[in-house]
Amino acid sequence: MSEKDKVLHRILTATQTGTIVCRIAKTLGIPTYEAFRRFIVSKTYANFRKPGSVLSMCGDPAIVEEFFRENKYVQS
């Protein structure tokens, strides 16, 4: 992966992180900051931020679902 591709990946995943965090906060009924804190320490986030990982190519709903699966949250 070229340096240009890496920079683009960082920009796109940073933007997508905000959308994911908002979905987590809304679903769990918690403040956005708390959702952000939980997400950035998760294995899901680590995998999502790896350039070229399958998770980094998924849409927001799939990443949120993976986060919930990892943390054993039950959605009603």
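Given the structure is predicted, the values throughout are model-derived calculations rather than measurements.
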Distance from [X] atom [atom1] to [Y] atom [atom2], nearest 0.5 Å?
X   : Y   : atom1 : atom2 : value
R49 : I40 : CZ    : CD1   : 10.5 Å
F68 : R23 : CZ    : CZ    : 9.5 Å
Y45 : I20 : OH    : CD1   : 9.5 Å
N71 : E66 : CG    : CD    : 9.5 Å

Dump the intermediate steps for side-chain contact (heavy atoms from CB on, under 4.5 Å) on F39 and I63, then the final yes or no. CA-CA 10 Å; F39 184 58; I63 296 166; 4.0 Å; yes
Looking at residues at least two apart in the chain, or sitting in another chain, which of them share a side chain to side chain contact (heavy atoms under 4.5 Å, CB included) with R38?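 Side chain to side chain contact (heavy atoms under 4.5 Å, CB included) check on R38 returns L28, I30, E34, F67, Y73.
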Can you list the residues that meet the side-chain hydrogen bond (donor to acceptor under 3.5 Å, both in side chains) rule with T44, with sequence neighbours excluded? E70
For N47, enumerate each residue passing the side-chain hydrogen bond (donor to acceptor under 3.5 Å, both in side chains) test, keeping only those at least two apart in sequence or located in another chain. K50
Determine whether F48 and T17 satisfy the following criterion, side-chain contact (heavy atoms from CB on, under 4.5 Å), listing intermediate values before the conclusion. CA-CA 9 Å; F48 165 64; T17 297; 3.3 Å; yes
